[in-house]
Amino acid sequence: MEYNFREIEANWRAFWARNKTFAAKDHSDLPKYYVLDMFPYPSGAGLHVGHPLGYIASDIFSRYKRAQGYNVLHPMGYDSFGLPAEQYAIQTGQHPRITTKENIARYRDQLDKIGFSFDWDREVRTSSPDYYKWTQWIFKQLFNSYYDGNQDKAVAISELIAEFEANGNANVNATTDFDETFSAADWKSYSEKEKETHLQEYRLAFLADSWVNWCPALGTVLANDEIVNGKSERGNHPVEQKLMRQWSMRIKAYAERLLTGLDTVDWADSIKDIQRNWIGKSIGASVQFAADKSDKVIEVFTTRPDTIFGVSFMVLAPEHPFVNELTTDEYKTEVENYKINASLKSERDRQADVKNISGQFTGSYATHPFSGEKVQIWIGDYVLASYGTGAVMAVPCGDQRDWDFATHFGIEIINIFDGVDISEAAYTEKEGTIAHSDFLTGLPVKKAIKLAIHEIETRGIGKGKTNYRLRDAVFSRQRYWGEPFPVYYKNDIPYLVDDADLPVTLPEVDKYLPTEEGEPPLARATKEAWGENFQGDRMDYNTMPGWAGSSWYFLRYMDPNNENEFVSKEKVDYWQNVDLYIGGSEHGTGHLLYSRFWTKFLFDLGYLPFDEPFKKMINQGMILGRSSFVYRVEGTNQFVTNSKKSAFTTTPFHVDISLVENDILNIEAFKNSREEYANAEFIGEENGDYICGSEVEKMSKSKYNVQTPDELVEKYGADTLRMYEMFLGPLEQSKPWDTQGISGVHNFLRKVWRLVHDRDGNIIVAEGEPTKDALKTLHKTIKKVGDDLDRFSFNTGVSNFMICVNELTEQKCTNKSIIEQLVILLSSYAPHICEELWVKLGHEAGTVGTQLFPAFNEAHLVEANHKYPVSFNGKMRFMLELPTDLSKEDIEKEVLAHEVSLKWLEGGSPKKVIVIPGKIVNIVH
RNA sequence: GCGGAUGUGGUGAAAUUGGUAGACACGCUAGACUUAGGAUCUAGUGCCGCGAGGUGUGUGGGUUCGAGUCCCUCCAUCCGCACCA
């Protein structure tokens, strides 16, 4: 009887589902282990072979941890709010809820076929009202909190209000962009609206007019990381800058903790660096320059306060709020023109225009705070409004951009570096000695920085300051298919919906498009559609971005059905944070940063006992697709084969890879695939074949290169797919998908089957004492498989099983105890076949996964002899088998007496003999 | 420009601590068994050479008895950030 994987796998999948074999226990004396996958967005294209790569690895690891005696939490769910379902709704009118439900059903079906040990009773869906009720609740906590700099944590906004009532904001140390002061009396005199406006300056979730990336084609705001090369990541539409009233998250408050927290987690350096880079900490000072003929004081940020005597002009961003007031009548027209030009340029154009130096003098001067000299104030678009203070003190001798600017406009360049030539370029090294700089003269750079900051603070013209590149995150989207805000407005003041009235469910609308006035789709919802949720004058029309739901989903798995809390204290105390997180590195500056932010926030409020969500993370590489192309000759309906295409002007088209085999196009199938191809003609090879071109690129529906796991499961079985995906190479490496080697893995599983069965399907295992060889093979495998799992080397794990089975087959091993242990070892990789064999070996159904991982016994590996490779000058010449316990001296004697040694020494004597017992012998001659 | 990663046979790759480079698999070559099965088995397969042997882990150098592994130089590819003051 052959290995009938179809029947076996279907039976065991049903068994696991029926018996809830993989349910995690919330109360257990066992140590816990939490293995998490990044949950998928259920797209219409279904799972492709890249999705399961990480899921297979995490599943193998989960099963391994269970075999080590852990109570393992290994859940799965869906990140089910998102744009594609909404766009489908716009095109077809089908409610995104229905599309999403259908897609989830398809995903679930595909996932089930691969035999994952997920605890499906814990499934979460971010678009389910039971779930987003708590996303809304967390938003409310953020709205009701501010960041207190003294305690260095988030604190209830009620405490801030109490302080305002008692003392105004003079003594408040909080994260805010608000720099005015008000007294307690002022506060009490404010109207409710004014009070709220001020509170918005402190809340961690707040409303603000912010420049946003507006995508007209999608009718929505995009986050920076949703834009690729100035176009929307989804759909590749143009993006422009627009000022809009938006919800934002004061993530800046957590910049320092997000940075230092990275030192406490076990993540790849590359992804830590991406986050460090994104947070962009720079240490320096803020310095004030008073403008003459105006009461304005321009504040700049600099990392080089030591170069302050090199300042010969100042530059403000064109959007800087002081520009109009600083511009003299003489320069009004030029400045106005410059500002208009700058605003017309998108951020992308401004970046592309780096080489072009542009700027405009305002006619005003500022006073140098130390020398008292007048320096010109310019505007220039190389200064960004959104970084630092939107203004710089220009030091052309020490900054290349300032140098270029000064050179271009003929502004004075003061050299304050001792013995450095700056005639060709600025000197940007952070070392050397400062000159011509009053009290800083003669000091090395590092000391000068310290002294300069000290002096700036003493004179009250600025202070030491740390700046972050990280910007507050815009938190609203003008979309339908997302979490509604638990917010209503009365007299334009935002109010929160009571906890008792959550969730604010998504109302029905007639269309999923913005209104004619440009309001978001939710503005279409009638009062009746909002139902009992409707309060005040109107509800908030925005929805939350995709990262809202995914920022805390790992917590909900611990307690998915809790109606009273987002997660109970008891459960989060037991499960703690995620021990192993597997997912792609493309979320480095999005999801992974935001979930760290929310975790720290919930920790501050006392809801969580930890402040980092993911202790260890592995980033699986992307599985790339291999696309096929046909080449249409310009202006005709002729297609030319790859090798002849250079003779024509052609346009390449993606062709569905199911119509291509070994690069040869199935011409008939191609003609039938689309009406426009029905009459296509072909310029083929000599034998008539049409050879397609190919390219390795990201797997995507639009490139017609998607390989689904389903057909492979059908053809070879889930166990083969699982092992093959692992066997492809290191988990973290990106690799093109290729099914060339899958038969090798499939044959391996058949060999395993034949180890237990004869040709007729009879069980051939026998009781009794195993041979020494079999024990050696087994224990070598136990050691290697265990070690490989501990270091997430799943590909070499598969090789070890192949070597083991090859050796046992060679040894004609039928020993039951050996085979039983092998089955337990293998069950994390190939669970279906192992469950089947386990029962055939006489055990209770469904228990192979609960067996403890076999214990390694080194005694079985001990050998009486060791085969020494003998090298001459480092080149291996021959092998010599010697007793393991032979002394160094005896080994040397034996080796030198060997006839091959005599030949290589050519009668001479060795200069040196290196003997490493148990390893090698090297002879230097 | 800054930061990170990766370069090993025809292919995917292995070599965890400096110790036989290419395990394991695909592919290929030859053969066996079979009336054909995407079956199984045997032998071979880095490159050059009939052979002895030489040579070989992106380049060039260094440390070492010994380097894919450590150090320096350069090159290529990929990823992230980018006028960040």
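Quick note: numbers below take in every heavy atom, side chains included, and nothing from hydrogens, waters or symmetry partners. Residue numbering restarts at 1 for every chain, and letters A, B, ... go by the order of the sequence lines. Only a predicted model underlies this, so the values are computations on that prediction, with no experimental measurement involved.
- Checked against A:Y724 for a ring pair (Phe, Tyr, Trp, His ring centres under 6.0 Å), the options A:W737, A:F748, A:Y829 give a single hit: A:W737.
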Restricting both atoms to N or O, compile the protein contacts to nucleotides 23-27 of chain B shorter than 3.5 Å, with distance only.
{"from": "B:A23", "atom 1": "N1", "to": "A:S799", "atom 2": "OG", "distance (Å)": "3.4"}
{"from": "B:A25", "atom 1": "OP1", "to": "A:N806", "atom 2": "ND2", "distance (Å)": "2.9"}
{"from": "B:C26", "atom 1": "O2'", "to": "A:Q740", "atom 2": "O", "distance (Å)": "3.2"}

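- Checked against B:A39, B:C83, B:C81, the side chain of A:Y382 finds its nearest nucleotide in B:C83.
- Distance from the side chain of A:D788 is smallest for B:U16 among the nucleotides B:C84, B:G19, B:U16.
- Among the atoms of the strands shown, base atoms are found under 4.0 Å from some heavy atom of A:I914.
- Contacts of A:P736 with the nucleic acid, taken as non-hydrogen atoms under 4.0 Å apart, are absent.
- Annotation: of the two residues near RNA chain B, A:K903 and A:I920, the 5′-most nearest-nucleotide partner is A:I920.
- A cation-pi arrangement is not found for A:R276 relative to A:W267, the charged atom failing to lie both closer than 6.0 Å to the ring centre and inside a 45° cone about the ring normal.
- The nucleotide whose nearest atom lies closest to any side-chain atom of A:N277 is, among B:G4, B:C81, B:A85, B:C81.
- When the nucleotides B:G12, B:G4, B:C81 are ranked by their closest atom to the side chain of A:L728, B:G12 comes out on top.
- Summarising the geometry, the separation between CD on A:E586 and P on B:C81 is reported as 12 Å, rounded to the nearest angstrom.
- Classified by interplanar angle (parallel below 30°, tilted 30° to 60°, perpendicular above 60°), the ring pair A:Y594/A:W547 is parallel.
- A straight line from CG of A:D787 to C1' of B:A15 spans 15 Å, rounded to a whole angstrom.
- Heavy atoms of A:K281 sit nowhere under 4.0 angstrom from any nucleic acid atom.
- Atom CE of A:M802 sits about 6.5 Å away from atom CE of A:M723, to the nearest 0.5 Å.
- A:M879 comes within 4.0 angstrom of a base, heavy atoms only.
- Across all strands shown, A:R276 has no heavy atoms under 4.0 Å from either base or sugar-phosphate atoms.
- One N or O donor and one acceptor, one from the side chain of A:N922 and one from the base of B:C65, sit under 3.5 Å apart.
- With B:A13, B:C83, B:A21 as the choices, the nucleotide that has an atom nearest any side-chain atom of A:D381 turns out to be B:C83.
- With its glycosidic angle more than 90° from 0, B:G27 adopts the anti conformation.
- A:H866 has its ring centre less than 6.0 Å from the ring centre of A:Y868.
- Ring orientation note: the planes of A:F794 and A:F61 are nearly perpendicular, at an angle over 60° on the 30°/60° scale.
- Without hydrogens or angle criteria, A:Y387 side chain to A:N467 main chain gives no donor-acceptor distance under 3.5 Å.
- Along RNA chain B, the nucleotide nearest to A:N467 and the one nearest to A:Q733 differ in position, and the one closer to the 5' end is contacted by A:Q733.
- Dashed line: the shortest gap from a side-chain N or O of A:R877 to OP1 or OP2 of B:U20 is not under 4.0 Å.
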